[in-house]
Number of protein chains: 2
Amino acid sequence: MVLLPRLAKHIMRRSTEELVGMPFRLFIALSYLHDHDGVRQQQLADALCMDAGNIVLLLNELEDLGYISRIRDPADRRRHKVAITNAGREAVERAKHNQEQIEDDILQALDADERDTLWRLLTRAVRRVDDDEPTT
Amino acid sequence: MVLLPRLAKHIMRRSTEELVGMPFRLFIALSYLHDHDGVRQQQLADALCMDAGNIVLLLNELEDLGYISRIRDPADRRRHKVAITNAGREAVERAKHNQEQIEDDILQALDADERDTLWRLLTRAVRRVDDDEPTT
DNA sequence: TATTGTTATACTCTATAACTATA
DNA sequence: TATAGTTATAGAGTATAACAATA
């Protein structure tokens, strides 16, 4: 259970802004929005384990870059729906591509099948945890 | 490649000091020392992706708790070998046991076999990355 | 001169609490 | 009154650089 955070640190250490194309925090958030377009800010906070206040700052950065836009929810005008833009989608694709060499570096010990298995297991675990978050 | 850091955050968020028995950072370091008794401080810095200066502070805390001790290397008196104490070993065991409920929580979506597979893959990946670090 | 560990300092990230607007 | 988002501030964690001891 300590292995996961340790491996994560190795990934973060290597995922420099220069390589990924944006600060790694932003990439993580944008990647989530890529898969969950239109979520509310609070859902983002739960999924990324971040404070709601920091989500605001993070979204400001992404908005300045033109990667997302905030849309007021007509059904409840207090809420914002966060939408990823085309530029945002392209940035995610570029970042994913650039990150592949890090994956090769980190997962040297595993062959292609094993990597596939690892991602499938992680994806299922993350999805379940996301769904469990109190979405209101 | 963003899944791992995201899952790691969920783990860290839930691994409160109250539950684990010590700050999570300390547990990660102590767990590494449990498996690599007698390493030098620089190796620790590489393995944990931390600055050498912060390792000093972290080890000070662990030493104050009586979980580790620093021993000068007779072969090269500049170096410190970091040794885990019996109290340290016991603390790791307790923390691992306490953390099991977090594992259940995070890995709900996976059955016992799948969890086993996941740990085996992660262990191999981490070992390889550790060995690759410039140990001098 | 180069390296190991230490110390002091500055910086980033994160968490806490008060504020605005909508419900 | 309660909730979603914002803002401002304080705190924890992290990195940077200078220092002492040893090689």
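Here is the naming used below: chain letters follow the sequence lines, and residue numbers restart at 1 for every chain.
Across all strands, A:Lys9 comes closer than 4.0 Å only to sugar-phosphate atoms, never to a base (heavy-atom distances).
If you take CG on B:Leu59 and OG on B:Ser69, they are separated by 10.5 Å, rounding to the nearest 0.5 Å. Atoms CD and CD1, on B:Glu63 and B:Ile68 in that order, are 4.5 Å from each other to the nearest 0.5 Å.
In this entry the distance linking CE of B:Met12 with C1' of C:dA15 reads 15 Å, nearest Å. Regarding A:Met50, its CE atom lies at a distance of 17 Å from the C1' atom of D:dA4, rounded to whole Å. Atoms CG (A:Leu58) and P (D:dT6) sit 12 Å apart, rounded to a whole Å. Regarding A:Gln43, its CD atom lies at a distance of 12 Å from the C1' atom of D:dA4, rounded to whole Å. For the pair A:Arg25 CZ and C:dA15 C1', the computed distance is 14 Å after rounding to whole Å. Here D:dG13 presents its P atom at 15 Å from CG of B:Leu48, a figure rounded to the nearest Å. Between the CD1 atom of A:Ile71 and the P atom of D:dA4 there is a distance of 19 Å, given to the nearest Å. We find that CZ of A:Phe24 is positioned 15 Å from P of D:dA15, with the value rounded to whole Å.
With sequence neighbours left out, the side-chain contact (heavy atoms from CB on, under 4.5 Å) criterion links A:Asp113 to A:Asp111. With sequence neighbours left out, the side chain to side chain donor-acceptor pair (under 3.5 Å) criterion links B:Glu93 to B:His34. Every residue meeting the side-chain contact (heavy atoms from CB on, under 4.5 Å) condition with A:Arg78, not counting sequence neighbours, appears here in chain and number order: A:Asp76. Annotation: side chain to side chain donor-acceptor pair (under 3.5 Å) contacts of B:Ser15 (sequence neighbours excluded): B:Gln99.
Counting only heavy atoms from C-beta outward, the side chains of A:Ile55 and A:Asp51 never approach each other to under 4.5 Å. In this structure, the side chains of B:Leu33 and B:Tyr67 stay at 4.5 Å or more apart for every pair of heavy atoms.
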Strictly under 3.5 Å: I want the nitrogen or oxygen pairs between protein and nucleotides 6-9 of chain C, one per line.
unit_1: C:dT6; atom_1: OP1; unit_2: B:Arg70; atom_2: NH1; d: 3.3
unit_1: C:dT6; atom_1: OP2; unit_2: B:Gln41; atom_2: OE1; d: 3.2
unit_1: C:dT6; atom_1: OP2; unit_2: B:Gln41; atom_2: NE2; d: 2.8
unit_1: C:dT6; atom_1: OP2; unit_2: B:Arg70; atom_2: NH1; d: 3.0

Taking only nitrogen or oxygen atoms into account, show me every contact under 3.5 Å that the protein makes with nucleotides 20-23 of chain D, one pair per line with its distance.
unit_1: D:dA23; atom_1: OP1; unit_2: B:Arg77; atom_2: N; d: 2.9

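Between the side chains of A:Arg25 and A:Asn54, not a single donor N or O lies within less than 3.5 Å of an accepting N or O.
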